[in-house]
Amino acid sequence: MRYSRLLLPTLKEDPADAEVLSHKLMLRAGMIRKLAAGIYTYLPLGYRVIRKVEKIIREEMNRAGAQEVLMPAVQPASLWQESGRWDHYGKELLRLKDRKQTPFCIGPTHEEVVTDLVRMNVRSYRELPLNLYQIQTKFRDEIRPRFGLMRGREFIMKDAYSFDRDEGGAEESYQKMHDAYCRIFERCGLAFRAVEADTGAIGGSFSHEFMVMADTGEDAVATCGACRYAANTERAEIRREEARHSEDAPEALQEVETPSKKSVEEVAQFLTVSPSRLIKTLIVSNGSGAIAAALVRGDHALNEIKLKHLLGWEEIALADAATVERVTGGPSGFSGPVGLTGLPIVADHGIASVRNAVTGANRFDRHLCNVNLNRDFTPERFADIRMAMDGDGCPRCAGTLRISRGIEVGHIFKLGTKYSEALGANYLDEDGQSRPMVMGCYGIGVGRTAAAAIEQNHDQDGICWPLPLAPYSVLVLPLNMKSEEVVSLCRSHRHTASRDHWRQRAPTEPGGDQGKTVRCGRPDGAGRGMPSGAEASQREEP
RNA sequence: CGGGGCGUAGCGCAGUCUGGUUAGCGCACCUGCCUUGGGAGCAGGGGGUCGGAGGUUCAAAUCCUCUCGCCCCGACCA
């Protein structure tokens, strides 16, 4: 491709609406343009990068024995009603009607469609295991699309679905995908980690996320320095420390005035105690009537997902002010466990060791001091319901957890029989018995992977693509247009140039910073992350 | 959906508070000259229904009302 013919609208300044680096650089390097919130056009350069990511994915998926298909983006509501997700998926599911008023949706994911396909066409255990994948545009009507390709509403995703005879087979399929994903992200030149994750709305029994480590990542990851344990903080377990009871003797309960001091910091400062002496009481609701109280230490944060699973709820949110007032008798900000009745109280393990604690008094501008477990209040159960923090104990070994940021570029789930049972995807085993297939599903955000590569590979001058993702591998740059020799050499090889070729042929050896870029908008292709490797000139090398 | 902010040329902005020339500036774009070993220079030029609708006024980018779009902070997720 001749550089001068390329549709490559570069910008010298950051567009005002771009926040993160990968978004800014992709816009400035002329790779993407926005059509609407979270909806982007891929320009020639950007699409080449996308295609390179896809190519790596295809090769590794095929190598792992998966077969490529392409399923419809528009899907009948009836299938989603059958799986039960029409009512549960929420507003992210873009729903529409055709001219006959039949309801449809635009696929945010394809468990329903692929399970339907398989139930109609696979009958025998002889046909299993089966793994089908596709690379396709998805639509999720995200509440807040942001950061360019990092969280779009329309986005390109590779999704794969495995079908096995039994749990053992499903675990093998899962492991194969795990390994394939590792190869894919390695080949993309990314520093990543596979971490244990929550299964979220997709459902299923366990899952791993593939995180590209980057400070701008939206997810927090807890990793152990001593063993291989790594988990999303949504899920990360915390080693239970032996409760170290303080030596302090329990003192008499005392109510104190704390005028307009609501937050932990305010109260701790006002009463001159450490935040770890406070016990936070959070009233949560499942949105359909159920409420519960959660107790965590003042210096800890509630993990709503852990609590949600513990309570067996489908949804969880902090209760609104009116609900808090109704169940505690006091305004929000002053809740406490003492005298709290009529709802389940769950306590984090961390509060077991707190003596003479400070809690809300369930009265406006009042807190209680010297609150003690079992004397003043008794939780119904203790559990791990808080967020892992830097320095917490690893649940698997004696090591310590560290928290870092990551971008979720891939997610694999072991689904079990959730969808095969709902939709009747059964097969006949060797004994002629009908059994539900055991499923897994596996996703990669293609555009997000490209964006993550930029977050991880850039310098002050622009994008430094890992070579396997670079839009072009060589930029031939004739530096002396007056020399017919130089010009004709460049012309004659511009279609066939490869890096190796140019190493042999070009009079000038590429510089030491191949694949690296110099600046956005520079005429040598720098800043778009095109390696400015080969130069043709007549100057003698020193 | 709650909270905050922004819509003026392709991009980045000024002008709006305090209504009043032909709506400006930088980059980009076009033409000519010149230049060409790292984002050239000089001269000239094109491009705006000031997000939209309604209102107030002799007069609206500017004031009022409504509306649409977009961005940021929280719950969702590849």
Expressed in whole Å, how much space separates the [atom1] atoms belonging to [N] and [M]?
N      : M      : atom1 : result
A23(B) : G69(B) : C1'   : 23 Å
U18(B) : C64(B) : P     : 9 Å
G46(B) : G24(B) : P     : 13 Å
G54(B) : C71(B) : P     : 28 Å
U31(B) : G48(B) : C1'   : 22 Å
U67(B) : C30(B) : P     : 43 Å
A61(B) : G55(B) : P     : 15 Å
C63(B) : C6(B)  : P     : 12 Å

When you get a sec, tell me which of [options] is the closest nucleotide to the side chain of [X]?
X       : options                : value
R146(A) : A78(B), A75(B), C72(B) : C72(B)
K12(A)  : G26(B), C77(B), G39(B) : G39(B)
F155(A) : C70(B), A78(B), C11(B) : A78(B)
E19(A)  : C1(B), C13(B), C72(B)  : C72(B)
A37(A)  : A75(B), C70(B), C11(B) : C70(B)
D219(A) : C70(B), G12(B), C77(B) : C77(B)
F147(A) : C70(B), C77(B), C73(B) : C73(B)

With a 4.0 Å cut-off, would you call D141(A) and R153(A) a salt bridge? yes
If each of G152(A) and K91(A) is mapped to the nucleotide of RNA chain B with the nearest heavy atom, which maps nearer the 5' terminus, i.e. the 5' end? K91(A)
Closest-nucleotide ordering on RNA chain B, the 5'-leading residue of G445(A) and R144(A): R144(A)
According to the Watson-Crick and G-U wobble definitions, with both distances under 3.5 Å, which nucleotide is paired to [N]?
N      : result
G2(B)  : C73(B)
C27(B) : G10(B)
G32(B) : C42(B)

Testing the 3.5 Å rule here: is there a donor-acceptor pair between the side chains of Y442(A) and K176(A)? no
Distance-only side-chain donor-acceptor flag, Y419(A) / R85(A), under 3.5 Å: yes
How many whole angstroms separate atom [atom1] of [X] from atom [atom2] of [N]?
X       : N      : atom1 : atom2 : answer
Y89(A)  : A78(B) : OH    : P     : 7 Å
R235(A) : C77(B) : CZ    : P     : 15 Å
E142(A) : C72(B) : CD    : P     : 13 Å
R151(A) : A78(B) : CZ    : P     : 9 Å
R85(A)  : C77(B) : CZ    : C1'   : 13 Å
L302(A) : A75(B) : CG    : P     : 12 Å
H23(A)  : C71(B) : NE2   : P     : 8 Å

Treating E154(A) as the side-chain partner and I39(A) as the backbone partner, does any N or O pair qualify as donor plus acceptor under 3.5 Å? no
Donor-acceptor pair, distance only, cut-off 3.5 Å: does the side chain of T233(A) make one with the backbone of M387(A)? no
Where does the angle between the aromatic ring planes of Y40(A) and H23(A) fall among parallel (under 30°), tilted (30 to 60°) and perpendicular (over 60°)? perpendicular
Quick one: the side chain of R140(A) and the base of C77(B), do they pair up donor-acceptor inside 3.5 Å? no
What contact category does D159(A) fall into here, base, sugar-phosphate, or nothing, at under 4.0 angstrom with non-hydrogen atoms? nothing
For the NZ atom on K138(A), are there more than 12 heavy atoms of other groups (residues, nucleotides or ligands in this structure) within a distance under 6.0 Å? yes
